[in-house]
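Here is the structure we will look at.
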2 protein chains.
Amino acid sequence: MTELQFNSWQTIQDEVLRRIHVRDWPPGAVIPNEADLAKEFGCARATVNRALRALAEAGILERRRKAGTRVALHPVSRATVDIPIIRQEITGRGQAYDYRCMSRSVTRPPSRVIDRLGIQGGVDCLHVTALHLASGAPFVFEDRWINLATAPDAAEQSFDALSANEWLLANIPYTHGDIRFAAEAASEHDATVLETSHGEPVFVMERVTWDHDRAITFARLCYAPGYGIVTRFGSAP
Amino acid sequence: MTELQFNSWQTIQDEVLRRIHVRDWPPGAVIPNEADLAKEFGCARATVNRALRALAEAGILERRRKAGTRVALHPVSRATVDIPIIRQEITGRGQAYDYRCMSRSVTRPPSRVIDRLGIQGGVDCLHVTALHLASGAPFVFEDRWINLATAPDAAEQSFDALSANEWLLANIPYTHGDIRFAAEAASEHDATVLETSHGEPVFVMERVTWDHDRAITFARLCYAPGYGIVTRFGSAP
DNA sequence: GAGTGGTCTAGACCACGGT
DNA sequence: CCGTGGTCTAGACCACTCG
């Protein structure tokens, strides 16, 4: 009845959020369908759809055909984390970037890596280790295995000056990847490279990158003590 | 010329990705505008818009009015991390959830917390510490400060049986939050509670939750050794 | 100023999946 | 079966911003 104008999809999104916040639509409740909301808000159904779809992508609403749209029962906070190229991450902080390749060899990877890459035994991989420095100080130690069956051109790269991180991104297309964040104790080798102590807590990021069903590379990034990842969830500034 | 049918926005997205992958449109290049692509693909401009907007949200394209759409120069991997309620995280692994409140008091927070909450000095907060257990083993230690100016009802809660984590989510609406992941050495107290050793690496998540410009709560979650966060980026399975 | 993406509309058909 | 969201269309106006 209150035919107030909600013309933009963001206005509608705000109104829906408000109704959720004031428990007009409590968690688990089914909200009116798109057609009814469009009529109430005095706009096209596509506009309502745009607003509700964005909220569903944020994890606030759950939508299913025929069943309708309901307020999520178990509010998960869905945060988006941007993982930049290491060079960008360092120069973005106003620090000087430096790179040092530490080893390069073609070997059969340990079973731990074979499992992550999902490859058959006996496949040789290119193993590269390198250090990325920020203003001269060790920033992150990169321990990477490249599947030569997927990225054969990598065999001709020395990675002396250009990091595998950047070369792969610039030359090998990927479709998706897995990431794992964890806290680990610095190994003897990690500690030496990062100029810290054995057993010191280090932030570790492990990434596997894929091109469709073919594994490209597995990387273990071991960050110097003090590193952290910052991110946000929700909409407002 | 090739008036093949690209009717769905996902088909168009795949085709755009393919052209990026084969360096038809290299990083930094400006791609044709929506109207031209719509003509080429034989579909409505809105359909092209849908496909390109999704790729922009994924960080693969950068779009600006008048300047047009270009392939992102510095490919960031944008991963989405779901942060569930702790109870859900544990029961979702098929383990039994248990909760133990360890302390509760109204105090003035340390300056470190005051800074994160962005509040004026002299404001009292509710300080709650608690342990969440998975199948009887310590899982995560929660050290939380609740801003009573924003959530006054919290003062009447004992948090003996229901964790602050769940009570807040169910009773205090929020709009957004900040998250920080890091690796730290377990303090003497952390170690005792988590049944590990002093100095052991632990995964730490710090969260500040807001309702518009009012801080609700700051939580430091200290996970038992071995914990990690897994996530994905990109589109394919 | 003018080109580009951003958005809205009114209508239509379709695919999924509860009932 | 049939209601619901998912999507597409053709056209229109607007807002931003680059040149």
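The chains referred to below are lettered A, B, ... by the order of the sequence lines, with proteins before strands, and numbering in each begins at 1.
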- request: Look only at the side chain of B:Ser77 and the backbone of B:Phe233, and say whether a donor-acceptor pair between them is shorter than 3.5 Å.
  value: no

- request: Can you measure from CG (B:Leu55) to CD1 (B:Ile12) and round to the nearest 0.5 angstrom?
  value: 10.5 Å

task: Compare side-chain N and O positions of B:Asn49 against OP1 and OP2 of C:dG6 and report whether any pair is under 4.0 Å apart.
output: yes

field: A:Gln10 CD - C:dG6 P separation (whole Å)
entry: 12 Å

message: Quick check on D:dT7: is either OP1 or OP2 less than 4.0 Å from any side-chain nitrogen or oxygen of B:Thr47?
response: no

task: Quick one: list whatever passes ring-ring contact (aromatic ring centres under 6.0 Å, His included) with A:Trp25, sequence neighbours left out.
output: none

message: Using the salt bridge (charged side-chain N to carboxylate O under 4.0 Å, His left out) criterion, which residues pair with A:Glu142? Sequence neighbours excluded.
response: A:Arg144

message: Applying ring-ring contact (aromatic ring centres under 6.0 Å, His included), can you list everything that pairs with A:Phe218, at least two apart in sequence or on another chain?
response: none

field: side-chain contact (heavy atoms from CB on, under 4.5 Å) evaluation trace for B:Arg220 with B:Val204
entry: CA-CA 7 Å; B:Arg220 178 178 183 272; B:Val204 171; 3.9 Å; yes

- request: Salt-bridge test for B:Glu62 and B:Arg70: reply yes if a basic N is under 4.0 Å from a carboxylate O, no otherwise.
  value: no

query: Given the side-chain rings of A:Phe139 and A:His132, with only the six-membered ring counted for Trp, is the space between their centroids under 6.0 Å?
result: no

- prompt: To the side chain of B:Thr69, which of C:dG5, D:dT7, D:dG6 is closest?
  reply: C:dG5

message: I want to check one thing: is the phosphate of C:dA10, taken as OP1 and OP2, less than 4.0 Å away from some side-chain N or O of A:Arg45?
response: no

query: Do any of residues 24-34 of chain A sit with a heavy atom less than 4.0 Å from DNA chain D, and if so which?
result: A:Asn33, A:Glu34

- line: Per nearest nucleotide of DNA chain D, the residue lying toward the 5' end, B:Arg50 or A:Gly68, is A:Gly68

Integer-rounded Å distance: D:dG6 P and B:Arg53 CZ: 14 Å

Protein N or O to nucleotides 14-17 of chain D N or O, pairs below 3.5 Å:
unit_1, atom_1, unit_2, atom_2, d
D:dA15, N3, B:Arg65, NE, 3.1

field: Pairs meeting criterion side chain to side chain donor-acceptor pair (under 3.5 Å) with involvement of residues 78-94 of chain B, two or more places apart
entry: A:His74-B:Gln88, A:Arg78-B:Asp82, A:Asp82-B:Arg78, B:Arg87-B:Glu166, B:Glu89-B:Tyr227

- request: May I have the distance from B:Leu37 (atom CG) to C:dT4 (atom P), rounded to whole angstrom?
  value: 11 Å

